[in-house]
Amino acid sequence: MPPENSEGSTPQIDASVPHNARIWNYWLGGKDNYPADREMGEQIRSFFPEIVDNAVADRGFLARAVTHLAHEEGVRQFLDIGTGLPTHNNTHEVAQTIAPEARVVYVDNDPLVLAHARALLVGTEQGATDYVDADLRDPDTILEAAARTLDLSRPVALMLLGVVNFVADDTEARSILDRLLGALAPGSFLVLSHPTDDLDRERAHQVVAAWNERGTPKLTIRTAQQITALFDGLELLEPGVVSCALWRPRPTEVGEVRPVAEYGGVARKVS
């Protein structure tokens, strides 16, 4: 039986409706998904087989970004919103391997993710991990809950991987980012990834149409320029906003990686 949420009610899971977290889990080779998710995943993969590369590249980008922030920038606090189902190289695993004292708060509002929260909460004794059941569109609730584990007066890495693309309105997306970043101390970072139509516009929008016909939440797609605009007011780290596969690939990957239609970047809040 899945655990109860903080209000004491058991989360309800509709297995008949494909859901982002579970489809993503399927593409990454996980088993926490249902027939409807696998059907949707295969439908999209039938005309856009690179979607699996997108998922793998996004996870690799997360690992490299967290490694850089923990190892090179000294970040010890991470707020991961839209974390999805646990898989390999979760944020706390990467961060606490480098800095066992790192503190990580995960945020999601999918019932199946909530049911697996205990798997996310296994961290080091020196550090801390916590889980918040909340929606990206409710930044005040997120910040209030995160403050129980994180010291927001010190730098925090705000992780938004593959989640802003479920906020279709640019003004709303900007407002959410401003509220979250505005509450974080100077020296904090934004790590963000987002699907783009820059590489193959026609097929990218075919994916969106297929997804939005049955899947939830509804997906939007942005150009590289629009994704870069999400970092306005911040200091982008090199190499800027690029394909996730090309953001600081490891030396063993150089010459082997191919661009994917998922762009990402890391930026510092200076003031």
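All figures in this text were calculated on a predicted structure; none of them were measured in a lab.
The minimum heavy-atom distance between R137 and A168, with the atom names listed, is NH2-N, 4.5 Å. The minimum heavy-atom distance linking P155 with P186 is given by the pair CG-O, 3.9 Å. Between A63 and T67, the closest heavy-atom pair is O-OG1, 2.7 Å. Across every non-hydrogen atom of L69 and A157, the tightest pair is CD1-CB, 3.7 Å. In terms of heavy-atom proximity, A95 sits nearest to F78 at CB-CE1, 3.6 Å. What you find for L199 and A261 is that their closest heavy atoms are CD1-N, 3.7 Å.
In terms of the side chain to side chain donor-acceptor pair (under 3.5 Å) criterion, T228 has no residue partners (sequence neighbours excluded). Applying the salt bridge (charged side-chain N to carboxylate O under 4.0 Å, His left out) test to D110 and every residue at least two apart in sequence or in another chain returns R22. For D138, there are no salt bridge (charged side-chain N to carboxylate O under 4.0 Å, His left out) partners two or more places apart in sequence or in a different chain. Checked against side chain to side chain contact (heavy atoms under 4.5 Å, CB included), L152 has the following partners two or more places apart in sequence or in another chain: L143, A147, L150, V156, L184.
Using a 4.5 Å cut-off between side-chain heavy atoms of Ile, Leu, Val, Met, Phe, Trp and Tyr, with links allowed through other members, Y263 and W247 fall into different hydrophobic clusters. Note on Y106: it clusters hydrophobically with V94, by side-chain heavy-atom contacts below 4.5 Å among ILVMFWY residues.
Using a 4.5 Å heavy-atom threshold, the side chains of L230 and L160 count as separate. No side-chain heavy atom of W27 sits under 4.5 Å from any side-chain heavy atom of N54. At a threshold of 4.5 Å between non-hydrogen side-chain atoms, the residues I227 and D198 do not count as touching. Taking 4.5 Å as the limit, some side-chain heavy atom of D197 sits within range of a side-chain heavy atom of T223.
The environment of Q225 atom CD is sparse: at most 12 non-hydrogen atoms of other residues, nucleotides or ligands sit within 6.0 angstrom. Remark: H71 NE2 is loosely packed, at most 12 non-hydrogen atoms of other residues, nucleotides or ligands lying under 6.0 Å away. Atom CD of E144 sits in a sparse spot, with 12 or fewer heavy atoms from other residues, nucleotides or ligands closer than 6.0 Å.
How far NZ of K218 is from CG of N212: 5.5 Å, rounded to the nearest 0.5 Å. Note: S193 OG to M159 CE = 8.5 Å, rounded to the nearest 0.5 Å. If you take OG1 on T91 and CD on Q96, they are separated by 10.5 Å, rounding to the nearest 0.5 Å. The line from CG of D108 to CG of L85 is 8.0 Å long, rounded to the nearest 0.5 Å. Of the inter-residue distances, the one linking L237 atom CG with F189 atom CZ reads 5.5 Å to the nearest 0.5 angstrom.
In summary, R103 and D151 do not engage in a salt bridge, as defined by a charged side-chain N under 4.0 Å from a carboxylate O.
Ring geometry for F166 against W211 counts as tilted: the plane angle lies between 30° and 60°, on a 0 to 90° scale.
T97 places a side-chain N or O within donor-acceptor distance of the main-chain N or O of E93, the cut-off being under 3.5 Å.
Note on residues 178-187: pairs passing side-chain hydrogen bond (donor to acceptor under 3.5 Å, both in side chains), not counting sequence neighbours, are D140-R179, R174-D178. Annotation: salt bridge (charged side-chain N to carboxylate O under 4.0 Å, His left out) contacts involving residues 224-239, sequence neighbours excluded, comprise E235-R268.
For the salt bridge (charged side-chain N to carboxylate O under 4.0 Å, His left out) with D53, the lone residue among R59, R258, R45 that qualifies is R258.
Donor-acceptor pairing under 3.5 Å is lacking for the side chains of Y34 and H19.
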